[in-house]
Engineer: 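Take this structure first; my questions come after.
The structure displayed is predicted, hence computed values, not measured ones.
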Amino acid sequence: MIRTRFAPSPTGYLHVGGARTALFNWLFARKHNGTFILRVEDTDAARNTEEARQAIFDGMSWLGLDWDEGPQSSGDLRSPSSPSSSYYQSQRNPIYDAYFEKLLAADRLYKDGDAYRFRFDRKPITMQDLVCGEVTIDYRDESNTPDMVIRRSDGSYVFHFVNVVDDLEMKITHVIRGEDHLMNTPKHLQLIEALGSQPPQYAHIPLILNADGSKMSKRDAGAAVGDYPKQGFLSEAVVNFIALLGWSSKSDDEIFTLTELIDRFSLEAINRAPARFDFEKCKWVNQQHIAKISTEKFADLAKPFVEAEILPITESYPAVIAAVKEKVRLLSEVPSAIDFLLTDTAPVDEETIAKAKANPNSALLPALAELMATLNDWSADIAKEAITTVATANGAKPGQLMFPVRVALSGRAHGPDLGDIFSILGKEKTVARLRSFLE
RNA sequence: GACCCGUUCGUCUAUCGGUUAGGACUCCAGGUUUUCAUCCUGGCAAGAAGGGUUCGACUCCCUUACGGGUCGCCA
């Protein structure tokens with residue numbers, strides 16, 4: 001039975017690299033009908049706040065990565081009050097004490113001031129990493145690998161020790177973590193050997209870098225998972241994109257749902273080289289996912305962004321939304337794509353307006369307005385027909401008149417289909433905007 | 001500095017000794033859409049360098065260069 005875990009420490013935000021680590025652990029567990037565990041490594045009291053913990057849960061939930069065991073899950077209910085049931089390291093101290101005694105009894109610990117150091121076995125340690133292959137670190141060189149402190153002077157335990165104990169206690173079978181832990185692994189292997197236990201299998205995945213190849217830190221664009229929903233990304237798009245960073249489906253397909261990712265995932269297909277974060281492609285992936293969801297779902301997801309811009313949500317909202325669904329890459333682009341359909345005070349592109357006014361075909365706009373004003377019925381087709389009538393009567397092609405009309409109605413060069421604009425705006429507003437354009 | 005991992009178009013990647021080195025993002029050019037977008041077609045663009053091994057190397061080995069990681073009483 002496969003058991004994987006994601007063990008973040010609360011830092012106030014969920015890093016995109018951490019999110020991908022979580023994703024790979026989750027995918028591996030789901031793929032093999034295993035168990036995915038969330039464990040909070042909150043031993044650093046200074047950073048351990050309620051908000052910091054919540055950021056992890058929120059990020060995981062938004063991404064759609066549910067955990068079988070961990071805080072707030074059913075697995076946490078086995079025995080709510082005992083340390084062995086907690087998935088917070090800060091509450092598991094009695095367990096660590098017991099393991100500490102074992103190392104003491106095995107004569108592998110010695111005091112350094114009030115702290116305790118673990119005495120490494122001075123020999124080469126070879127590990128079989130599922131991603132990196134065979135890696136050997138030589139522990140005979142003491143200057144390179146000094147004995148490590150596992151219990152501080154204040155009595156608290158360090159990461160290496162508690163991490164290993166928890167993985168053992170929680171019967172983790174596969175540790176999938178960032179490559180920054182590769183050099184820690186032989187230390188963990190030594191600890192496990194001294195404890196007389198069998199180690200899990202390890203898979204170290206390459207890090208995610210900024211577009212310029214530098215290390216991605218908290219402030220860098222795209223670093224915090226919590227920023228993605230604010231920017232108008234769909235969670236499935238973000239999951240899809242980060243899965244592509246360092247992993248390949250070995251096919252020409254790139255757009256996958258969570259379910260499809262589970263189906264195709266394998267540790268063998270993970271790369272060894274670090275990947276750079278390409279924000280443009282991330283947006284493209286988002287656009288692909290927007291195209292896949294229903295108009296109703298798109299409308300719901302876009303609504304908060306529209307409301308944030310204080311745009312009135314009228315009865316024409318569904319039609320408005322449908323008109324721009326295929327035109328945006330981010331949900332946050334929706335308000336500026338639809339504002340001219342909902343209000344008369346939307347900002348316009350002066351440059352485009354100047355260009356349209358200089359267009360000779362703009363001279364036909366008044367005639368078009370008057371013709372439209374006389375129409376009894378109004379629809380996208382009837383309005384378009386009016387354009388054809390005016391254009392041909394004046395020796396112009398209908399297509400040539402469409403640019404000036406578009407600009408007169410929207411104030412921009414790009415936007416929804418003209419027919420959609422006609423039907424959403426209605427006859428009165430269309431005529432009014434055409435009339436006022438040249439004034 | 002020492003140790004570890006890595007290096008295919010600008011970016012993400014395919015290739016597991018024999019390919020005109022394929023796909024995607026971006027960009028450019030056409031086409032469809034009487035408009036915008038979508039979409040379609042085409043184009044630009046890559047094996048870090050040098051040595052081996054081999055009939056044959058992007059693929060295996062070595063060296064160098066470059067990138068990343070690790071060397072805490074942080075996690």
Engineer: Going 5' to 3' along nucleotides 64-75 of chain B, which nucleotides have protein heavy atoms under 4.0 Å from the base (write B), which only from the sugar-phosphate (write S), and which from neither (write -)?
Structural biologist: ----BBSS-BSB

Engineer: Are any of A:Lys250's side-chain N or O atoms less than 4.0 Å away from OP1 or OP2 of B:A14?
Structural biologist: yes

Engineer: Give A:Arg272 one of three labels, base, sugar-phosphate or nothing, depending on what nucleic acid heavy atoms sit under 4.0 Å from its own.
Structural biologist: sugar-phosphate

Engineer: Among residues 365-372 of chain A, which ones have heavy-atom contacts with RNA chain B below 4.0 Å?
Structural biologist: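 Result for residues 365-372 of chain A: none.
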
Engineer: Applying a 3.5 Å limit to both distances, which nucleotide forms a Watson-Crick or G-U wobble pair with B:A48?
Structural biologist: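 Pairing partner, where one exists within any strand: B:U64.
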
Engineer: CG of A:Asn271 versus P of B:U15: gap in Å, rounded?
Structural biologist: 9 Å

Engineer: Which part of the nucleic acid, if any, lies within contact of A:Gly246, taking any heavy atom under 4.0 Å across all strands shown: a base, the sugar-phosphate backbone alone, or nothing?
Structural biologist: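 Sugar-phosphate: the residue A:Gly246, judged by heavy atoms under 4.0 Å, touches backbone atoms but no base.
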
Engineer: Using a cut-off of 4.0 Å on non-hydrogen atoms, how would the nucleic acid contact of A:Lys327 be classed: base, sugar-phosphate, or nothing?
Structural biologist: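 Base: the residue A:Lys327, judged by heavy atoms under 4.0 Å, touches a nucleobase.
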
Engineer: What is the nucleic acid contact for A:Leu244, judged by heavy atoms within less than 4.0 Å: base, sugar-phosphate only, or nothing?
Structural biologist: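 Touches sugar-phosphate only.
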
Engineer: What is the distance, to the nearest angstrom, from the CZ atom on A:Phe340 to the P atom on B:C36?
Structural biologist: 14 Å

Engineer: Listed in order of residue number, which residues of residues 255-264 of chain A have a non-hydrogen atom at under 4.0 Å from RNA chain B?
Structural biologist: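 Residues of residues 255-264 of chain A that come under 4.0 Å of RNA chain B do not exist, since none gets that close.
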
Engineer: Base, sugar-phosphate alone, or nothing: which one does A:Glu254 contact when heavy atoms must sit under 4.0 Å apart?
Structural biologist: base

Engineer: Using the side-chain heavy atoms of A:Arg406, tell me which of these nucleotides is nearest: B:U7, B:C25, B:C36.
Structural biologist: B:C36

